[in-house]
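Here is the structure we will look at, set down as structure tokens.
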Amino acid sequence: MNQHLQNLINWVQDEHLDIAYISNPTNINYFSGFFQDPEERVTGLFVFPNQDPFLFTPALSIEEVKRSGWPFDVYGYLDHEDPFALIAGHIKDRNANPINWGIEKDDLPVYRFEAVMQQFPNATFPADASRYIERAKLIKSPDEIALLEAAGREADAAFAAGFAALHSGVTEQAVVAEIEYAMMKRGVMQMSFDTIVQAGANAANPHGGPELNKIESGQMVLFDLGTVHKGYISDSTRTVAFGPIDDKQKEIHAVCLEANLAAMDAARPGVTAAELDKIARDIITKAGYGEYFNHRLGHGIGTSTHEFPSIMEGNDLVLEPGMCFSIEPGIYIPGFAGVRIEDCVHITADGNEPFTHTTKELQTFTD
């Protein structure tokens with residue numbers, strides 16, 4: 001049994017629960033070693049205080065579960081069957097009347113919650129597994145950090161492929177295609193999120209994405225990308241120049257870089273998340289661009305792209321060794337340009353180490 005699963009069982013015991021139902025596919029993988037996006041089908045991990053856990057999946061996934069190394073029972077269902085009626089039967093084999101449940105309140109859809117209630121009308125839900133899981137994932141082990149470092153090296157390779165694809169008239173989407181094709185040829189079959197390439201004014205939308213927008217000389221180009229390495233994520237952003245850019249574009253890149261470097265220099269045990277956000281934000285505000293930095297400084301990273309904690313104002317969480325998160329100040333001026341510079345780091349005994357190492361200095365590329 002892996003330590004993550006044992007710790008979950010310990011939590012079930014400590015909370016005096018009869019059962020915990022883990023429904024998020026990424027978290028199922030964290031505890032079981034098996035990952036699948038079930039789409040509209042049902043996959044769940046069911047954990048008990050004093051009985052063996054079991055996985056429940058679509059029948060077509062049972063052999064894949066076995067190949068993953070899962071050492072306990074796995075049960076399946078066919079598409080025409082009622083999954084929650086079958087789940088209830090397997091639960092009752094272990095506990096005829098489980099009353100106290102832990103569920104992922106951030107994840108479990110209402111209709112599946114209602115299906116549980118139909119099978120177990122006396123059930124209560126005193127414990128939020130979502131809150132337990134975010135804390136359980138907060139401090140990464142050396143083995144987890146090694147996987148995040150490997151994912152970071154893949155992200156560095158993805159940047160190199162993207163920079164090499166820049167030329168006049170190429171679309172943002174075409175550059176994305178070149179990045180993802182290059183990664184597939186390296187054996188990386190999954191990006192951690194939809195790869196982002198944005199040029200010129202399009203980059204001023206921090207929640208935007210690549211379009212058929214053509215990249216032209218005189219624009220800055222924002223790359224935000226990452227890969228999945230054995231279940232662990234990379235996430236990094238670089239903004240580069242394509243051809244000569246004007247002084248204002250150079251200035252916002254320089255300010256953003258100063259903010260990134262200052263926050264990375266300050267990230268160490270004992271500093272709070274709010275203090276780190278303020279260090280970067282104050283630099284951007286002092287330069288006159290505060291209104292254009294409109295998101296938190298960072299987010300946790302691990303088996304998910306966005307995990308606990310948020311590095312932001314109001315979060316007094318004290319940084320500790322093993323915490324992993326992004327540092328990503330940005331300046332987004334509508335109609336003009338956008339810059340973001342991001343590294344994910346892990347806190348060490350006396351500072352931090354980034355997972356990606358592509359230079360953050362302003363690079364200029366031409367045809």
Side-chain angles (χ1 to χ4, degrees), residues 3-4 6-8 10-11 14-15 24 26-27 30-31 102 104-107 127-149 151-152 226 232-237 256-286 290 293-330 340-357 360:
Q3 191 60 51
H4 295 159
Q6 183 60 62
N7 291 342
L8 177 61
N10 294 344
W11 175 76
D14 292 344
E15 295 293 321
N24 179 283
T26 298
N27 292 336
Y30 180 75
F31 293 115
E104 291 184 87
K105 294 184 179 181
D106 286 359
D107 180 79
D128 185 357
S130 295
R131 301 288 76 75
Y132 164 73
I133 291 169
E134 69 183 16
R135 289 285 175 175
K137 288 182 166 184
L138 180 59
I139 306 296
K140 269 63 175 183
S141 69
D143 287 344
E144 290 178 296
I145 288 172
L147 293 172
L148 289 164
E149 288 173 335
Y232 283 77
I233 302 297
S234 55
D235 179 9
S236 188
T237 308
C256 197
L257 177 58
E258 181 184 358
N260 172 275
L261 294 175
M264 291 189 67
D265 185 61
R268 56 175 40 84
V271 175
T272 70
E275 289 170 341
L276 203 59
D277 180 279
K278 187 176 187 301
I279 287 168
R281 197 167 302 277
D282 283 352
I283 289 170
I284 292 175
T285 299
K286 184 178 178 181
F293 181 17
N294 52 15
H295 56 74
R296 63 190 172 181
L297 180 64
H299 56 78
I301 193 164
T303 57
S304 302
T305 310
H306 288 184
E307 292 187 356
F308 181 79
S310 286
I311 308 301
M312 66 181 184
E313 181 181 357
N315 185 1
D316 294 327
L317 178 75
V318 177
L319 302 183
E320 299 177 37
M323 290 183 180
C324 301
F325 53 85
S326 69
I327 295 175
E328 50 180 300
R340 184 166 60 254
I341 301 173
E342 172 189 16
D343 281 304
C344 289
V345 305
H346 66 94
I347 298 297
T348 64
D350 57 0
N352 71 86
E353 289 290 338
F355 296 120
T356 42
H357 299 280
K360 291 179 284 194

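Because the structure is predicted, anything quoted here is derived from the model rather than measured.
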Atom pair [atom1] ([X]) and [atom2] ([Y]), whose distance is rounded to the nearest 0.5 Å:
| X | Y | atom1 | atom2 | answer |
| --- | --- | --- | --- | --- |
| Y30 | E144 | OH | CD | 5.0 Å |
| S234 | D343 | OG | CG | 11.0 Å |
| R131 | F308 | CZ | CZ | 8.5 Å |
| I301 | H306 | CD1 | NE2 | 8.0 Å |
| L147 | I233 | CG | CD1 | 11.0 Å |
| I133 | D128 | CD1 | CG | 8.5 Å |

Of all heavy-atom pairs between [X] and [Y], which one has the smallest distance, and what is that distance?
| X | Y | answer |
| --- | --- | --- |
| T26 | S304 | CG2-OG, 3.3 Å |
| A263 | L297 | CB-CD2, 4.1 Å |
| S326 | E342 | CB-OE2, 3.5 Å |
| E275 | G270 | OE1-O, 4.4 Å |
| I311 | A273 | CG2-O, 3.5 Å |
| P309 | L138 | CD-CD1, 3.6 Å |

Answer whether the closest heavy-atom distance between the side chains of [X] and [Y] falls below 4.5 Å.
| X | Y | value |
| --- | --- | --- |
| T285 | F293 | no |
| E353 | E149 | no |
| D143 | Y232 | no |

Check: [Y] main-chain N/O paired with [X] side-chain donor or acceptor under 3.5 Å:
| X | Y | answer |
| --- | --- | --- |
| N260 | I327 | yes |
| N352 | A267 | yes |
| S236 | T356 | no |
| D107 | N24 | yes |
| H299 | T305 | yes |
| D235 | G226 | no |

(Q) Could you walk me through whether V345 and F355 satisfy the side-chain contact (heavy atoms from CB on, under 4.5 Å) test, starting with their C-alpha distance in whole Å, then the side-chain angles of each, then the deciding distance to 0.1 Å, before giving a yes or no? (A) CA-CA 6 Å; V345 305; F355 296 120; 5.7 Å; no
Q: Begin with the C-alpha distance, continue with both residues' side-chain angles, and end with the deciding distance and a verdict on side-chain contact (heavy atoms from CB on, under 4.5 Å) for E258 and K286.
A: CA-CA 12 Å; E258 181 184 358; K286 184 178 178 181; over 6 Å; no
Q.
Is the ring pair H4/F31 parallel, tilted or perpendicular, if the boundaries are 30 and 60 degrees?
A. perpendicular
Q: Test L148 against C324 for side-chain contact (heavy atoms from CB on, under 4.5 Å), laying out the working first.
A: CA-CA 9 Å; L148 289 164; C324 301; 3.9 Å; yes
Q.
Assess the residue pair E328 and I341 against the criterion (side-chain contact (heavy atoms from CB on, under 4.5 Å)); give the C-alpha distance rounded to whole Å, side-chain angles, the decisive distance to 0.1 Å, and a yes or no.
A. CA-CA 5 Å; E328 50 180 300; I341 301 173; over 6 Å; no
Q. For D282, what residues pass the side-chain hydrogen bond (donor to acceptor under 3.5 Å, both in side chains) criterion, not counting sequence neighbours?
A. K278
Q: Could you list all the salt bridge (charged side-chain N to carboxylate O under 4.0 Å, His left out) pairs where at least one residue sits in residues 296-321, not counting sequence neighbours?
A: K137-E307, K140-E307
Q | Crowding at NZ, K105 (>12 non-hydrogen neighbours, <6.0 Å) | A | yes
